[in-house]
Amino acid sequence: MKDKVRKGGGKNQAKNDPISLTGRKDAVGIKQDEDTSFPVKIQGAGVESFELQVHRFWLVQDAVMTLLSKDEVCPRSNLSLALAGTTLDPLAELQSLKGLKPGAILRLVEEPYTAHSARLHLAHVLELLRAFGPQDALREGRSPSILETLTQTQKADSGLLSGKNLKRSLSNTKTESANQDGAPPEYLLPGSSERPLMALLPQSSQPEVPSYLRDLSLSCWNPPPGHRKLQGDFLYITMVTMEGRRCDITSYPKGFFLNRSTEEVFDPRPAQSSPVCHCFTDLLCHISPAFKQTFTTLKNRHQLPPVEVMATPYHTQSWLGPPCVSRIHKNTFSRLGVDEQPATRAPDWNEELQAARDLPQGSLEERLHRDRALLQVNSAFVKAVTQGAETVIDGFVEPVNGNPEDPAFLWGGLFMSQCASSAVFGGDRGRRAVQRLELKGVQAYSDLQGLQGLHTLPTAIVDYKGVRLSAQGLAPGLEGSEQDQETPSAPRGLLYGVNAGPQESPQRRQLLELLAHSAKALSLQRHVVVGTNTFKTPLFTSVDTKGLLGADGRFYILDVFRSFPSDANFCPEESSEEDEGKKGCVKEGWPENYHTDSGLPQSFPHSLCRLRPEMVQAFIQHKHTQFTQHVREILDENGGFEECATACDSRATSAVRAACKEVGSLSDIIFEMRLNPNVFSSGVSFPDSESASIKLQERLLREAAACIITHQIPAFVEYCLQSNEAPMDGASLKLALHQRGINLRYLGHVIKTINQSEHKERLRHIMRLVIGEIFMRSTRRVFNSFLQGVDVPSLSAAVSHFLCCLLVPHFTPTPAGEDSKKKSRRRGRGAGTSEGTPWGTLTGPELWNLVCQDAVETYNISDCLGSGPNHLVEHYGLQKLSLLREFCLKTGVQLRLRDYFLDNQSKAPIGPDDVLNIFPVVKHINMSTVDASKAYRAACNSVEKGLLDQAHERLKEAAYLFGRVCDDLHHEASYCHSLLAKVAYLQGKAAEARSVQLKSVVISERVLGFDHPNTIQQYALLAVYVYAGGETTLAQKCLLRARLLMLTVHGEDHPYIATLDSCLGLMLTGDQAGLFLKNALKLNTSFFGPTDLCTALNQHLLAQWMCSQGDYRSAMSHEKEALTYFTSLFGEDHAQTRCSAEFLCTITKQAVKVERSLRQAGADSTEQTVECLTPTTETILEQMVLVTGIRKLGHSDRLQEYKQKHLELKAAVRKELEKQMNGEEKSADQETGCGKEVKDGGSPAVEETSVEIATVVSANGHVVEPAEHEEKTEGDRGDSEHSDRAAQVEIVNGETEKKAEAEESETSGPNGVESSAANGEMKSDATDDEMKSGSDEVNDAVNEALDSPASPSVLKSKASWADVVVSKAVVANGAGDKVTALNGVADVTANGSAEQ
């Protein structure tokens, strides 16, 4: 019943919400499984009867694929389904089959094999028998999932607690904590400098793969002779069982049987008493009892969740490999030959991708099918590109052209090249920029919605062994086919571009229409350039872009690497000095003193510096803000905005025209901002008629470039100042900069901004990351050149030598003495030595000079990197281990898992045997999951509004859609599950939060990386949810795991370490808890200052711990600091200040009591008193929720804006009522009614702070959710008094009891007026008389709610101090829920409206 009457996210809101995922027809597929699924019974094909849940929208082949993955059917294949004796069409929909209803019987039918399907069946069997072991992911360079290792000792049912069981488990947590022996290891304690790598990848609990057979290979009698082919023989297979028996097996259409052949004699006849088995494993079980026993164990073993075992769409690199270099088991099945691709035609990647893009999108099911098809095709394409790059660069493919400077290769349906090096673009740096920008352009055009007729080729770029290759699918032919010869007027080939020439055809007009739509979506201006033979060509794109009509009838757009506007900061203008001499000032668009302050514009190593699409959109938003300001200023000068807007005269039109001209709008009647991609581009000329437009575009591009320095970089720095989840490594730094449109070539300017900031010391972690990123990116460029002079046998030795030169100060290669000669003779080769090789002469100082030179040329920094790696360690706090990790992730190098001592100068810390592999680093197109992402964004909006019910439903929809498209193996799916867990926890569903968060952690580990910053945060959140379920040991493991990863990735000097240490200090006991809490306080003080909310909370937590230790003097000192902060921020009358004051008073009383007890009775009373001050488990849990940001408390300017708007709305309501009411209604109600309600009700709790997720959470995590007031009649009010009305919540010994309270909270009058404000709706249905009568009662409730004192929960009460800090009480229209304060001091009135 509780869910039915809960407000704040109900059905009425869902109906009226403008952000709708899909239409009601489309929503059928995403509601719940029970709406679209039903059970059927599966029989036949030698399997035991079982039940299968199928969906109505499935095709028959979808059901078959699901069956093949079931344990009851696996590893059988080549099966079909039959209903009532009729074999079903694989492409038929289940809902269209007559007679298929719940409980129907479907029979599995064994279909005859073909030569191809027989090989596929063998490959399927071998995939099952190989069953990846725990080290296989590392051996293949894939990021593993470690969560299973942490949870192996936990009971499976521990996460299924709810209700009373959850409360009981919470009360028993202390007992479990006391019985555990899990003290944190020394290397995880604050202040430790030890960074062991072996702990990063602990031993998995999964057993190694058992041995099934001694050998399985193709027979020496293979392939079958002609006369046996005529009798159906496909393959001959030789098998040696574990018992030592050698057998030959024949594969033919009906299955597999044992023949009579031996090593010496060929006899393909079936052996006596040999059955014919459709499944290969059935025959193996019949032949070998040992295989049958082991195979039965394999099928009955513990099955991991699909998200842990399914292959990720794209390769996520692990920079650490297995600790053992050599193989630990042989590949028994490598000689069977089914892994080798048969000699078939190479796939047409372009046709497969375009066919997937052309799939219908009318309904939700069609869009999901299309998105999944696109993801699968692109995933297969990227995998082929990875294999092709290794094959090409390793020298197994000959180039198809004769140009040694730009060799081109054809492999597996791919065209791969390095792109020609051009002096115009900047040599090798320019060539790499062309490849990178081409990929960005293809991504931009691929993401355009509603342009199905415009196509791009499948594209990816690969960096492997210092070489960058660009890979594309083969473009369709341009010549006409035989059918087109009847219509010779239809052009084939180039339709658009500078070199296309004058053309006129329906196809060209259609292509131009598509390009016009794309230009509008990308904010690109239509312009004219002078092409060949002085022909003026109108363009919607960059000058390099070509549009063509392929032989397949599709329009393609190529060469889009200059699609985005130029970055004027790095485009020095040749005529700038002349113009400045004429005008005596800088060019139009640059701010005053811009060049003096920033040193821009300046040159760059290549001439392809372009603005990011995020920057283009940010600049347009910036110009729109200027536009609205100009309009308002002009209207204010001409009589005011309201007068001009309602007078319907020309003043408003003139104001808009003037503002459009001022900001540079493309139109003079509406705001429309577009940029020209060819301005500031080399080799482009414009006609004289375009001079005014080009001048305006130059001004806009200068303003956009200056906006990066003046707005975007300062905004990024300010974000880092306020956030405790600031970037942690190079990847997160890159993402944070790119989201704000800042290219990484601005890293030097980020350093300059930090150095000029008054909070430079608080930004030291960002400075550390920026310096490390500059150093690593310059090192990678030097490393790419270094590898070009290394021969293949010396790669491992060369890479290890390079790393030693990079990380060891003043490293010089050791001469090849007797020791190295002996080692070489022992290994049997001398490739590991550096004697006589060019790369072996490289020394540490030489390498450092090269890196510093590149950093100066690229980022315009000097003396920042110093003279060696120790300078980075001493001045910036960089860790060599973190630099080593960044280097490996950027270059694809994989190192052996062992502890490296990088400060050892007497011996090389990294040897040739430590370099296990070099993997290709691939950048590819990201296929969008449109509907899932839309549902996720809608859920985020609901969370911001505080509509938790609505957010929960939308997040479940989004998670379902992500599962349909990408099987949840997507980075955005991890974010979605994490937010779903947060919302579920805030709703009191701790068990659901735990299970969802477990999935989020696994997804993050496998898709983003086992040590990715997002993985660290997900582990910390998981610790809270499992702690709520009573699993203290697992919670500690998760927090320690997060701290270990954080120490490896960044180090201890980071704000997020303070978050982890606060949680560990709450969870641990004794002196170790104090160590973590003191370290957290030190970090928060240094990063956020002594007057920050995080610091004040840490002061309270430390005081709480000191009370539990009996150190009341120190506890008083820390609580005084917290009280000082709350007083300065909220004032003395605020509830939070009163709470801290009462806590301080209680500590003082306890201290006096202890002193008296010590003087009178000794230490016994002291121990008793200390025990009383130990915080409860519920208190610890709620404080962890606050610390980790599950529920955030922070400053909000939006709340101030909301309050002002709300006051204005109330004033408007009063005016309206004055006009409509009689004279008697014009009374003192204006002072005691709505206006005073808001004025008094908006006391410091409302004015100063806001809760980001507006909920009132009781001690056990259950939620009294925000509700929207609904209009009700008198009859409705009587029925819903005990459900929709307020409930009084009392906390008694940590348990929540709800008492229905019949209380008039809403009234309806003849002249009810609705007013909406901010993100939630607040409806005023009171007449003026009702305002007057209810005024005193409302004000009393508000004052009691906001000014009531509260004492902290760490004392005798089991309620939570954190709830007093977090809970907000706001009253609208006198209606609210009365919540007894957690310490039993006062009643708090909470409103029914969500605010943020």
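The figures that follow rest on heavy atoms only: side chains count, while hydrogens, waters and symmetry mates do not. Keep in mind that this is a model prediction, so the values were computed, not measured.
- Atom NE2 of His622 and atom CE of Met615 lie 8.0 Å apart (nearest 0.5 Å).
- Closest approach of Leu701 to Ser566, counting heavy atoms only: CD2-O, 4.0 Å.
- Between Phe570 and Tyr746, the ring planes lie perpendicular to each other; the angle is over 60°, past the 30° to 60° tilted range.
- You'll find the side chain of Val656 stays beyond 4.5 Å of the side chain of Ile670, heavy atoms only.
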Quiz prompt | Worked check of side-chain contact (heavy atoms from CB on, under 4.5 Å) between Asn743 and Arg612 | solution = CA-CA 7 Å; Asn743 299 83; Arg612 293 189 60 82; 3.3 Å; yes
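- Side-chain contact, Asn569 with Tyr594: a donor N or O sits under 3.5 Å from an acceptor N or O.
- A donor-acceptor contact shorter than 3.5 Å is absent between the side chain of Ser563 and the backbone of Gly441.
- Two residues are said to be in side-chain contact when any heavy atoms from C-beta on lie closer than 4.5 Å; Pro613 and Phe564 meet this criterion.
- More than 12 non-hydrogen atoms from other residues, nucleotides or ligands lie less than 6.0 angstrom from CD of Gln602.
- The backbone N or O of Val543 lies less than 3.5 Å from a partner atom in the side chain of Asn678, making a donor-acceptor pair.
- A donor-acceptor pair is defined here as one N or O able to donate and one able to accept, closer than 3.5 Å; such a pair exists between the side chain of Ser665 and the backbone of Ser667.
- Side chain of His595 to main chain of Leu600: a donor-acceptor pair is present (N/O by atom type, distance under 3.5 Å, no hydrogens or angles).
- Under the side-chain contact (heavy atoms from CB on, under 4.5 Å) test applied with Gln525, the options Leu539, Leu675, Leu666 reduce to a single match, Leu666.
- Between the side chain of Ser933 and the backbone N or O of Val930, no donor-acceptor pair lies under 3.5 Å.
- Here the CZ-SG distance, from Arg702 to Cys707, works out to 16.0 Å after rounding to the nearest 0.5 Å.
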Quiz item: Which is it for Arg610 and Asp567 under the salt bridge (Lys or Arg N to Asp or Glu O under 4.0 Å) test, yes or no, and what are the steps along the way?
Solution: CA-CA 5 Å; Arg610 322 298 288 187; Asp567 187 351; over 6 Å; no
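- The number of heavy atoms from other shown groups lying within 6.0 Å of NZ (Lys440) is above 12.
- Between the CG atom of Leu511 and the CZ atom of Phe555 there is a distance of 5.5 Å, given to the nearest 0.5 Å.
- In this structure, Leu524 and Phe540 have side chains that are not in contact, with every pair of non-hydrogen atoms separated by 4.5 Å or more.
- At least one donor-acceptor pair under 3.5 Å links the side chain of Lys546 to the backbone N or O of Asp544.
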Quiz prompt | Test log, rule side-chain hydrogen bond (donor to acceptor under 3.5 Å, both in side chains), inputs His630 and Gln626 | solution = CA-CA 6 Å; His630 282 303; Gln626 292 182 353; 5.2 Å; no
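- For the pair Asp559/Thr545, no side-chain contact is recorded, criterion being any heavy-atom separation below 4.5 Å from C-beta on.
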Self-check item: Steps toward salt bridge (Lys or Arg N to Asp or Glu O under 4.0 Å) verdict (Arg508, Glu504)
Solution: CA-CA 6 Å; Arg508 175 178 167 82; Glu504 187 61 35; 5.2 Å; no
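- Atom NE2 of residue His749 and atom CD of residue Gln756 lie 11.0 Å apart, to the nearest 0.5 angstrom.
- Looking only at distances, a side-chain donor or acceptor of Gln697 sits under 3.5 Å from a matching main-chain atom of Asn676.
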Exercise. Assess whether salt bridge (Lys or Arg N to Asp or Glu O under 4.0 Å) is satisfied between Glu703 and Lys623, documenting all intermediate values.
Key: CA-CA 10 Å; Glu703 290 180 0; Lys623 298 298 289 184; 2.7 Å; yes
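- Checking side-chain atoms of Ser523 against main-chain N and O of Ala519 turns up no donor-acceptor pair under 3.5 Å.
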Exercise. Kindly indicate, with the supporting measurements, whether the criterion side-chain contact (heavy atoms from CB on, under 4.5 Å) is fulfilled by Arg562 and Leu608.
Key: CA-CA 8 Å; Arg562 287 203 284 191; Leu608 288 172; 3.7 Å; yes
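- Arg657 is not listed as a side-chain neighbour of Lys661, based on a closest heavy-atom distance of 4.5 Å or more.
- No donor-acceptor distance shorter than 3.5 angstrom exists from the side chain of Gln361 to the backbone of Arg367, with no hydrogens or angles considered.
- A side-chain donor-acceptor contact under 3.5 Å links Ser942 to the backbone of Ala938.
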